[in-house]
There are 2 protein chains.
Amino acid sequence: MRKTLRRTSRRRCSYARVFAALGDETRLTLVAKLAKGQPSSISQLTEGSQLTRQAITKHLRVLEDARIVRSVRAGRESRFAFDPEPIAEVKDYLDFVSEQWDETLARLKSFVES
Amino acid sequence: MRKTLRRTSRRRCSYARVFAALGDETRLTLVAKLAKGQPSSISQLTEGSQLTRQAITKHLRVLEDARIVRSVRAGRESRFAFDPEPIAEVKDYLDFVSEQWDETLARLKSFVES
DNA sequence: ATATTATGCAACCTCCTGGTTACATAATAT
DNA sequence: ATATTATGTAACCAGGAGGTTGCATAATAT
């Protein structure tokens, strides 16, 4: 029930945005870092990357537009934190697609058997 | 166990490719059609879309590169079918990320409480 | 044999993406 | 006060994405 509510609350356009945000290795790495650890500043998130701080910032904005992360200004640094909701939503959507496929398979199977 | 196997079988690069393929409304629509219905030809998949057949073909190639669909030539038409595996894999990956986040939350909570 | 249908392939165009460098400003540390 | 650190903003660039048109070819229908 919760699942259905969550699924229908978003449109395909919005799912596409979230998927697109996840469709980049650098951003997947950022998401992994943030899901695994504390909220972090841009400088912290840039450490260990080959990219410039500005590049990382742009990636973070993409993730923020998709609501996958939130940013809060804290003094001179802006801390980014993971938000699990959009990912939960696209997971539900993928479940929905998989279910549709299972039903399709069942239909094809019963068609063959008849 | 199966989940873990599946998850570790793919790298972040590969997940990114699948997410990127899903990160477009037109392609999400194609995936929905194919998961919901029979394998279909390019012409069939173009029907109802505003785009040209060639544009749809390009989108199908992107989905095919991500292994989300397979194509089989049948006479003069090439039929595309849904393949559930890559989507199952990225779903597992998202589960993994969510779990990491849950653990992080638990850690933060116990830190606050201590 | 010929017309029709389904597809493949290539060239081209525009806009977006992912990256850079350079400079400005805000907050903190000394 | 001054230096340092963290970030914001802007201009710029190369390449890729998403779309088109045009033409060639393979398979089927008449």
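Computed from a predicted structure; not experimentally measured. Numbered from 1 within each chain, the chains take letters A, B, ... in sequence-line order. What you see below is based on every heavy atom in this structure, not just the backbone, and it leaves out hydrogens, waters and symmetry mates.
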- Message: By nearest atom, which of the nucleotides D/dA6, C/dG19, C/dC23 is closest to the A/Ala55 side chain?
- Response: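 It is C/dG19.
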- Message: Which nucleotide wins on minimum distance to the side chain of A/Arg76, given the candidates D/dC23, D/dT5, D/dG19?
- Response: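 Nearest to the side-chain atoms of A/Arg76, counting from C-beta on, is D/dT5.
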- Message: Can you list, in residue-number order, the parts of residues 18-38 of chain A that come under 4.0 Å of DNA chain C, counting heavy atoms only?
- Response: A/Asp24, A/Arg27
- Message: As a test of understanding, state which of B/Val18, B/Leu63, B/Val69 forms a side-chain contact (heavy atoms from CB on, under 4.5 Å) with B/Pro86.
- Response: B/Val18
- Under 4.5 Å between side-chain heavy atoms, hopping through other hydrophobics if needed: is there a path connecting A/Val62 to A/Leu28?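 Cluster IDs for A/Val62 and A/Leu28 differ.
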For the pair made of [atom1] in [X] and [atom2] in [N], what is the distance, rounded to whole Å?
X	N	atom1	atom2	value
B/Ile56	C/dG8	CD1	C1'	16 Å
A/Gln44	D/dT7	CD	P	8 Å
B/Arg53	D/dT21	CZ	C1'	11 Å
A/Leu45	D/dT5	CG	P	19 Å
A/Leu51	C/dT17	CG	P	17 Å
A/Arg61	D/dG8	CZ	C1'	8 Å
A/Arg73	D/dT7	CZ	P	7 Å
A/Ile42	D/dT7	CD1	P	5 Å

- Message: Only Watson-Crick and G-U wobble pairs with both distances less than 3.5 Å should count. Give DNA chain D in dot-bracket notation, marking inter-strand partners with |.
- Response: ||||||||||||||||||||||||||||||
- Query: Quick check: does any side chain N or O of A/Thr104 sit under 3.5 Å from a backbone N or O of B/Ala35, one acting as donor and the other as acceptor?
  - Reply: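 Present.
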- Query: Going through the checks in order, is the side chain to side chain contact (heavy atoms under 4.5 Å, CB included) test met by A/Ser71 and A/Leu60?
  - Reply: CA-CA 9 Å; A/Ser71 76; A/Leu60 287 169; over 6 Å; no
- Note on the structure: The answer to which of B/Arg79 and A/Ala74 contacts DNA chain C further toward the 5' end, by nearest nucleotide, is B/Arg79
- Item | Earlier contact from the 5' end, DNA chain C, for B/Phe80 and B/Lys58 | B/Phe80
- Mutual orientation of the aromatic rings belonging to A/Tyr93 and A/Tyr15 [parallel < 30°, tilted 30-60°, perpendicular > 60°]: parallel
- May I ask you to say whether A/Asp83 pairs ionically with A/Arg70, meaning some side-chain N is under 4.0 Å from a carboxylate O? yes
- Output yes when B/Arg27 and B/Glu25 qualify as a salt bridge under the 4.0 Å nitrogen-oxygen rule, no when they do not. no
- Taking atom types as they are modelled, is there a donor-acceptor pair under 3.5 Å from the base of D/dG22 to the side chain of B/Gln54?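 Result: at least one qualifying N/O pair found.
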- Item | Upstream residue (5' side of DNA chain D) when B/His59 and A/Ser78 are each assigned their closest nucleotide |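 This one resolves to A/Ser78.
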- Give one of base, sugar-phosphate or nothing for B/Thr52, where a contact means two heavy atoms less than 4.0 Å apart.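 Here B/Thr52 touches the bases of the nucleic acid.
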- Item | Closest non-hydrogen atom pair between B/Thr46 and B/Arg53, with its separation | OG1-CA, 3.7 Å
- Between A/Ser41 and D/dT7, does any side-chain N or O lie under 4.0 Å from OP1 or OP2? yes
- Give, for atom CD of B/Glu77 and atom CZ of B/Arg79, the distance between the pair rounded to the nearest 0.5 Å. 4.5 Å
